[in-house]
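In what follows, a single structure is set out as structure tokens and then discussed.
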Amino acid sequence: MDSIDFRVHHLGLSVPDLEASIKWYGDFFGFTVEKQMKVPPIHAKIAFLKRGDFRLELFEVEGATTLSEDRKDPDKDLMTHGWKHLSIEVADARKTLDSLRASGVEIAMETEFEGSPMGFIRDNAGNLIEINQAAD
């Protein structure tokens, strides 16, 4: 079989408070709401956020289970199968992490990987977002 030609369209993320997450992703990363809807059969409110060609689909589902503490820790999260994090590439990871920290964003980890600074933050629901520095 030939490989499938594709581009990434969106990442789906379950959150406890749709409106709070819309605001958080808009304030910190410049996402705007593309559309919102309700899906009564699954008791869900959904929002598609967009930045450039990338979309983030947020779900608020009635009765959903909260994110476990292990899923909020970058190292412990690797011990559970499944998607791990959204990674965002920035020009200066240290400056970005410092700016996010000063704005009240929770920093989960700061380190270096192969000589480049990087780190993980938590969104308003505890989901991990990797901040990595663009290669020169």
For Phe31 and Tyr25, take the angle between the two ring planes, folded into 0 to 90°, and tell me which bin it lands in: parallel under 30, tilted 30 to 60, perpendicular over 60.
perpendicular
Under a 3.5 Å threshold, yes or no: a donor from one side chain and an acceptor from the other, between Gln36 and Glu19?
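On atom types as modelled, these side chains qualify, holding a pair under 3.5 Å.
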4.5 Å side-chain heavy-atom contact, [X] and [Y]:
X: Leu100; Y: Ile131; result: yes
X: Leu13; Y: Asp123; result: yes
X: Asp70; Y: Met79; result: no
X: Trp24; Y: Val105; result: yes
X: Ile129; Y: Phe120; result: no
X: Leu58; Y: Leu49; result: yes
X: Val90; Y: Asp92; result: no

Check step by step if side-chain contact (heavy atoms from CB on, under 4.5 Å) holds for Ile46 and Val39.
CA-CA 8 Å; Ile46 299 172; Val39 184; 3.4 Å; yes
Only one of Lys72, His85, Arg71 clears side chain to side chain donor-acceptor pair (under 3.5 Å) with Asp77; which?
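So, applying the side chain to side chain donor-acceptor pair (under 3.5 Å) to Asp77 and each of Lys72, His85, Arg71, only Arg71 qualifies.
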Tightest non-hydrogen contact, residues Asn132 and Ser87, listed as ND2-OG, 2.6 Å
Donor-acceptor under 3.5 Å (Gln133 side chain, Ala93 main chain):
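Checking the backbone N and O of Ala93 against the side chain of Gln133, a donor-acceptor pair under 3.5 Å is found.
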Under a 3.5 Å distance rule, please check whether Arg51 uses its side chain to pair with a backbone N or O of Phe29 as donor and acceptor.
yes
Once you round to the nearest 0.5 Å, how far does CG of Asp73 lie from CG of Leu128?
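Rounded to the nearest 0.5 Å, the CG-CG separation comes out at 8.0 Å.
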Distance from His43 atom NE2 to Glu60 atom CD, nearest 0.5 Å?
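Nearest 0.5 Å value for the NE2-CD distance: 13.0 Å.
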Qualifying residues under side chain to side chain contact (heavy atoms under 4.5 Å, CB included), relative to Ile107, sequence neighbours excluded
Leu97, Arg101, Glu110, Ile121
Determine whether the aromatic ring centres of Phe54 and His10 lie less than 6.0 Å apart.
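Ring centres of His10 and Phe54 not closer than 6.0 Å.
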Are [X] and [Y] connected, step by step, through hydrophobic side chains (Ile, Leu, Val, Met, Phe, Trp, Tyr) whose heavy atoms are closer than 4.5 Å?
X: Leu56; Y: Val61; value: no
X: Phe48; Y: Val33; value: no
X: Phe59; Y: Leu67; value: no
X: Ile88; Y: Phe28; value: yes

Who pairs with Asp17 by side-chain hydrogen bond (donor to acceptor under 3.5 Å, both in side chains), at least two apart in sequence or on another chain?
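With sequence neighbours excluded, Asp17 shows a side-chain hydrogen bond (donor to acceptor under 3.5 Å, both in side chains) to no residue whatsoever.
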Would you call Arg94-Glu112 a salt bridge at under 4.0 Å N-O?
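A salt bridge is present here (some side-chain N lies under 4.0 Å from a carboxylate O).
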Run Asp53 and Arg7 through side-chain contact (heavy atoms from CB on, under 4.5 Å) and show every step you take.
CA-CA 10 Å; Asp53 290 335; Arg7 69 180 178 88; 4.2 Å; yes
By salt bridge (Lys or Arg N to Asp or Glu O under 4.0 Å) - contacts of Glu114 (at least two apart):
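Listed in chain order: nothing, the list is empty.
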Got a sec: does the NZ of Lys84 have more than 12 other heavy atoms crowding it under 6.0 Å?
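Yes, the 6.0 Å shell around NZ holds more than 12 heavy atoms from other groups.
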